[in-house]
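This report refers to the structure that appears directly beneath it.
All residue numbers in this chain count up from 1 along the given sequence.
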Amino acid sequence: MPFLIAFIFLAGPGQAQQLRDTVKVGYIDAPPLTYQSENGRAEGSFIELTRRVAEEAGYDPDFEYLPVTRAYFYLRTGGIDVWPGVTDVPALKGEVLESFVSPQPFQLSAWGMQTMPPVSHFNDLKGTTLILISGYTYGGLADLLERTPDIALTDAPSHQAAVAMLKRGRGDYLLDFHGPVKAVLKEFPVQGIREYPVRIRNTAWVFSLANPRSSQLRDEFDDAYLRLAERGEVPQPRPLSEGFQLPGLADLL
């Protein structure tokens with residue numbers, strides 16, 4: 001025992017850090033929550049939360065960018081330990097454990113000027129032009145929209161540019177996430193813009209049951225988040241919602 005203590009002391013903080021366990025984190029292209037930057041780094045608001053929670057729990061997160069179908073396969077087979085994703089994925093039923101903490105909602109909305117009809121059904125988007133953010137897949141929805149008759153798509157390079165295009169009538173509706181658009185509107189207010197939810201889901205850390213330590217990992221992540229929240233370093237845990245999907249959208253998926 002004295003030898004071990006002396007070794008850790010002499011090793012210094014850099015080598016002692018290597019003694020931390022690594023947790024394999026698979027993430028998908030779901031901006032602004034999770035995505036891969038041009039330099040290959042994992043980015044997004046949920047990625048940053050995952051880094052903080054994993055480190056608070058005593059782990060070094062090792063991020064791997066994956067297509068969504070491969071992420072599901074790796075969760076079923078143990079190729080990754082955890083996915084910062086969403087709850088109640090039918091393809092993962094019985095294969096995973098979900099964190100009790102849901103740090104933020106995942107809300108995709110259609111935004112339109114008050115001169116346009118409200119969007120209460122997916123069919124309301126037919127015969128219109130949708131503005132999308134360049135490079136965003138919207139969880140696979142962008143590809144499906146491209147193959148949907150009677151919907152035209154046009155791209156914007158950024159959230160701010162997309163809001164400007166909507167204001168100028170260069171599209172009928174903007175398909176974008178709640179948080180980024182609200183941030184743009186706070187800095188550059190636009191009168192008469194309306195928001196219509198398309199998808200609302202609960203985010204969660206989803207742990208592979210193929211890992212025999214999945215239950216321990218979940219508890220450690222939940223406990224770490226609660227400690228960070230108590231210190232005011234992350235938002236307070238939010239109550240889980242029942243979720244929402246625009247009527248008629250299921251016919252497309």
Side-chain angles (χ1 to χ4, degrees), residues 16-36 40-108 137 139-140 199-231 233-245 253:
Q17 180 70 16
Q18 295 177 8
L19 300 177
R20 290 163 62 102
D21 287 338
T22 298
V23 61
K24 293 201 66 174
V25 183
Y27 71 100
I28 66 173
D29 184 41
L33 296 182
T34 64
Y35 63 96
Q36 187 178 54
R41 178 179 165 84
E43 299 286 359
S45 58
F46 204 0
I47 292 293
E48 291 309 310
L49 271 176
T50 301
R51 283 195 178 99
R52 298 186 71 180
V53 170
E55 290 168 2
E56 174 70 19
Y59 295 96
D60 286 327
D62 178 19
F63 291 94
E64 182 176 359
Y65 176 74
L66 299 167
V68 63
T69 53
R70 190 175 303 169
Y72 292 172
F73 175 74
Y74 280 7
L75 282 168
R76 289 193 292 266
T77 59
I80 57 176
D81 299 315
V82 58
W83 167 50
V86 294
T87 60
D88 300 320
V89 176
L92 297 177
K93 187 175 182 181
E95 306 283 355
V96 295
L97 290 178
E98 299 167 353
S99 63
F100 295 108
V101 168
S102 176
Q104 58 194 115
F106 181 78
Q107 179 166 335
L108 179 65
T137 66
R199 270 182 177 173
I200 302 175
R201 304 177 75 178
N202 296 302
T203 59
W205 287 285
V206 181
F207 298 90
S208 170
L209 278 174
N211 183 333
R213 297 175 60 239
S214 57
S215 180
Q216 177 184 338
L217 281 172
R218 178 181 63 178
D219 291 345
E220 289 172 337
F221 268 57
D222 279 336
D223 290 345
Y225 189 94
L226 293 175
R227 289 196 300 271
L228 290 168
E230 188 174 350
R231 300 201 299 261
E233 298 178 25
V234 298
Q236 290 295 317
R238 53 181 289 273
L240 295 178
S241 70
E242 295 183 359
F244 172 81
Q245 186 162 279
L253 301 176

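- Side-chain contact between Thr203 and Pro84: absent, with no pair of heavy atoms (C-beta onward) separated by less than 4.5 Å.
- Side-chain atoms of Ile80 and Leu75, non-hydrogen and from C-beta on, do get closer than 4.5 Å to each other.
- Across Phe46 and Pro103, no two heavy atoms sit closer than the pair CE1-CG, 3.6 Å.
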Point to revise | Check against salt bridge (Lys or Arg N to Asp or Glu O under 4.0 Å), Glu64 and Arg70 | key: CA-CA 11 Å; Glu64 182 176 359; Arg70 190 175 303 169; 6.0 Å; no
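- The side-chain tip of Arg52 does not point at the ring of Tyr225 from less than 6.0 angstrom away and within 45° of straight on.
- Although no hydrogens or angles enter the test, the distance criterion places a donor-acceptor pair under 3.5 Å between the side chain of Gln236 and the main chain of Ala229.
- Val86 places none of its side-chain heavy atoms less than 4.5 Å from the side chain of Asn202.
- Taking all atoms of both residues into account, the shortest heavy-atom contact from Val101 to Leu226 is CG2-CD2, 4.4 Å.
- Using a 4.5 Å heavy-atom threshold, the side chains of Leu49 and Val234 count as touching.
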Exercise for review: List the steps, then state whether side chain to side chain contact (heavy atoms under 4.5 Å, CB included) holds for Leu33 with Gln104.
Suggested key: CA-CA 10 Å; Leu33 296 182; Gln104 58 194 115; 3.3 Å; yes
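- Between Phe221 and Trp205, the ring planes lie perpendicular to each other; the angle is over 60°, past the 30° to 60° tilted range.
- Ring to ring, Tyr74 and Trp83 are not that close: their centroids are 6.0 angstrom or more apart.
- The line from CZ of Arg213 to CG of Asp219 is 11.5 Å long, rounded to the nearest 0.5 Å.
- Looking at Val206 and Val82, their side chains never come closer than 4.5 Å, going by heavy atoms from C-beta outward.
- The side-chain heavy atoms of Asp81 and Val25, taken from C-beta on, include no pair separated by under 4.5 Å.
- Residues Ile200 and Gln107 are in side-chain contact: their nearest non-hydrogen atoms beyond the backbone lie under 4.5 Å apart.
- Counting heavy-atom neighbours within 6.0 Å of Phe73 CZ, excluding the residue itself, gives a total of 12 or less.
- Of the charged side-chain nitrogens involved, at least one lies within less than 4.0 Å of a carboxylate oxygen, so that Arg51 and Glu48 count as a salt-bridged pair.
- Minimum interatomic distance between Ser208 and Ser214 (heavy atoms only, all atoms of both residues): O-CB, 3.1 Å.
- Annotation: side chain of Leu92 is in contact with side chain of Tyr72 (closest heavy-atom distance under 4.5 Å).
- Remark: Thr34 OG1 to Phe63 CZ distance equals 10.0 Å, nearest 0.5 Å.
- When Asp88, Val89, Thr87 are each tested for a side chain to side chain contact (heavy atoms under 4.5 Å, CB included) with Arg201, only one passes: Val89.
- Taking both residues in full, the closest heavy atoms of Glu56 and Arg227 are given as OE2-NE, 2.9 Å, listed atom of the first, atom of the second, then distance.
- Rounded to the nearest 0.5 angstrom, Arg41 CZ and Ile47 CD1 are separated by 9.5 Å.
- Separation of atoms CG (Leu97) and CD (Gln216) is listed at 12.5 Å; rounding is to 0.5 Å.
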Exercise for review: Please report the C-alpha distance between Ser99 and Arg218 in whole Å, then the side-chain angles of each, then the deciding distance to 0.1 Å, and finally whether the side-chain hydrogen bond (donor to acceptor under 3.5 Å, both in side chains) criterion is met.
Suggested key: CA-CA 6 Å; Ser99 63; Arg218 178 181 63 178; over 6 Å; no
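- Taking all atoms of both residues into account, the shortest heavy-atom contact from Gly40 to Tyr27 is O-OH, 4.2 Å.
- One N or O on the side chain of Asp222 and one on the backbone of Phe100 form a donor-acceptor pair closer than 3.5 Å.
- Closest of all the heavy-atom pairs between Leu66 and Gly26 is CD1-CA, 4.1 Å.
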